[in-house]
A.B. asks: 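Quick one: the structure is below, questions incoming.
Counting begins at 1 with the first residue of the sequence. Order of appearance sets the numbers: ligands from 1, and atoms from 1 within every ligand. Predicted model only: the values in this text are computed from it and were never measured.
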Amino acid sequence: MNNSVWTNDVQMPTFGRLEQDLKTDVLVVGGGLAGILCAHRLAREGVDYALLEADRICCGVSRNTTAKITSQHGCIYAKILRMFGPAKARKYYEANEEAIQAYYQLSQSIPCDFEWKDNYIYSKESNHDLNAEIAALSHLGIPVEFTKNIQFRFSVEGAIRFRKQAQFNPLKLAAGLAKDLRIYEHTAAREFSEHTVITDYCKITVSKIIIATHFPILNKHGSYFLKMYQQRSYVLALENAAQVDGMFLDAAENGLSFRNYGDLLLLGGGGHRTGKKGGGWAELERFTRIYYPGAREVCRCATQDCMTLDGIPYIGQYSKRTPDLYVATGFNKWGMTSAMVSAMILVDLVQGRENPWTQVFSPSRSILRGQLLNNAFEATVNLLTPTKPRCTHMGCALKWNPIEHSWDCPCHGSRFNEKGNLLDNPAANGLP
Ligand code: FES
C-alpha cells in the first residue's frame, strides 16, 4: 500500500502528447504544482506559453506532500538573519506570506479544502532553538507567540505559533487550475539550446524557459549537482487517531509532523538522505502503536525533497550565463509556499519585470556553506564505490532500498524501480 491521501477523490485532467513543432514565448518544463502555478499566472497575464510534462501532471512530489501552506519553515528565521541580515530575512517572510494569500484567492474559485490553521514549531526537549528563533522573529517584527499549551499525547516543552496559516488538498487545486491550461503530457524535453528545446517527437522554439522539474535536469549550468541533495520522508494517514487543531512540526531535525485532513491524521517523519538508511514508515508505525494504539492506517506515501546549501530555495535565473533560462527548485520540504513564490517571481522575470524577492532566492548566491563539503564528500565516495548498478545521472553507485524496493542514489537522489525504470530525477533515463 503506497498511495497519497490526496488522490482519493480527485480526477486529474489528462492531456495529449506534443507531436508537432511549436513556437511559444515561454516554455515551462515540469508539470508539478510549481510548473502549473507558473503556467496559470502566465495564462492570466496573457503571455503565450506552453507546459511540458514528461509523464502525467502532479505524478511526483506534488501528490505526496503534507500540503501545509505556511511561512514558518522550521526555525529558519534565526538562520537567515545570521547568514543574510534582517532585510533579506524579512523579505523571505513577506514572500511566503504573500504566497499564502495567493492560495487563499485561488481557493475562492477552486474548491480545494483550504482551511486557515495556526502553524506550530514545537520542541520536546529544550526551548533552546525556540528561544533563538523567537529572538530573531521579534527582531524582524514578525508577529509570533510562544505557548506551552499543546495538547499532544507526549509532552512538549513549548512551541512557536504562527497564526493564520493554511492547509489544503494540493491535487484539487492543481486539477482545477490545469484543466484550462496549455499542457502537453508524456512529452519529455531531451535537449536544450538557447532558444530551442528538442523532445522525442518535435522541436519547440522559445524565448524563455522555466525549468520546474523538481531537481533541475540540466547539468551544464548552475552546478545544482553540488548545491543540492535529496531527502526522503514518509507519511501515514491514520483513521481513529487524535484530531490536532493546527499544523505541527518538531524543531528537531527529522522530527515528526502532524496535521489533519478531514477525520484523518497525517503523521509525517522518518526522513533521511535518499540512498541512506533512516526511520522510514517503521518509525511512524512504532510511534502510532505507542501514542495512537486504536488508530488504523488508511494509506501511506513517501516523498522526496531537494535540500539547498542554506535552506532557501533556488528561484530565478538558472545561472549567471543563461539570461533566458530560469529555475524553481530546492524547496527544502516547504514545497507549497515555495511553488507559489516561484510563480510570483518567475512570471515577473520572464516578462522583464523587477521583483522584490529576486535577491533572496537568487540561485547565483554564494555556495560557500558547510553543506557543500558534505555534498562533495558524498559524491566522491559514491563515485569511487565500485559496485553496480550505476546511476544514469552522473555515475554514482546505487544503493538498494529494501523498504520501497528501489535503487536509490545517495549523490543527488535519483531512484529506479526493480526493473530499472526511472522513478525520481535528476537522472533522465532508466538503468540499461
Ligand atoms: Fe546524480 Fe545519481 S543522482 S549521480
A.B. asks: Verify whether the ring centers belonging to Tyr314 and Phe361 lie closer than 6.0 Å.
C.D. replies: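 That pair fails the under 6.0 Å test.
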A.B. asks: Given atoms SG of Cys391 and SG of Cys409, what angle do they subtend at atom 2 (Fe) of ligand 1, to the nearest 10 degrees?
C.D. replies: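 The angle at atom 2 (Fe) of ligand 1 comes to 110°, rounded to the nearest 10°.
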A.B. asks: In the protein, what heavy atom is nearest to atom 4 (S) of ligand 1, and what distance, to one decimal place, separates them?
C.D. replies: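 Answer, as residue, atom name and distance: Met394 N, 3.3 Å.
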A.B. asks: Before you tell me yes or no, could you show the steps for Cys306 and His214 under side chain to side chain contact (heavy atoms under 4.5 Å, CB included), namely the whole-Å CA-CA distance, both residues' side-chain angles and the distance that decides it to 0.1 Å?
C.D. replies: CA-CA 7 Å; Cys306 293; His214 184 61; 3.6 Å; yes
A.B. asks: Please check if the distance between the ring centroids of His73 and Tyr92 is under 6.0 Å.
C.D. replies: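 Ring centroids of His73 and Tyr92 are less than 6.0 Å from each other.
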A.B. asks: Answer yes or no on whether Arg17 is positioned over the face of Tyr201, meaning its NZ or CZ is under 6.0 Å from the six-membered ring centre and within 45° of the axis.
C.D. replies: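 Yes, a cation-pi geometry.
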A.B. asks: Examine all N, O or S atoms of Cys396, backbone included, and report whether one is under 2.8 Å from atom 1 (Fe) of ligand 1.
C.D. replies: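 So Cys396 does not count as coordinating atom 1 (Fe) of ligand 1.
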A.B. asks: Tell me which N, O or S atom from His393 is the closest to atom 1 (Fe) of ligand 1.
C.D. replies: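 Nearest N/O/S atom of His393: ND1.
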A.B. asks: Of all the atoms in His412, is at least one N, O or S atom closer to atom 1 (Fe) of ligand 1 than 2.8 Å?
C.D. replies: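 Looking at His412, which is the residue asked about, there is an N, O or S atom under 2.8 Å from atom 1 (Fe) of ligand 1.
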A.B. asks: Are the aromatic ring centres of Phe248 and Tyr120 under 6.0 angstrom apart?
C.D. replies: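 Distance test on ring centres: under 6.0 Å, yes.
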A.B. asks: Checking a contact table here: which protein heavy atom is nearest atom 3 (S) of ligand 1, and how many Å away?
C.D. replies: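 Nearest protein contact, heavy atoms only, for atom 3 (S) of ligand 1 is Ser414 OG, 3.1 Å.
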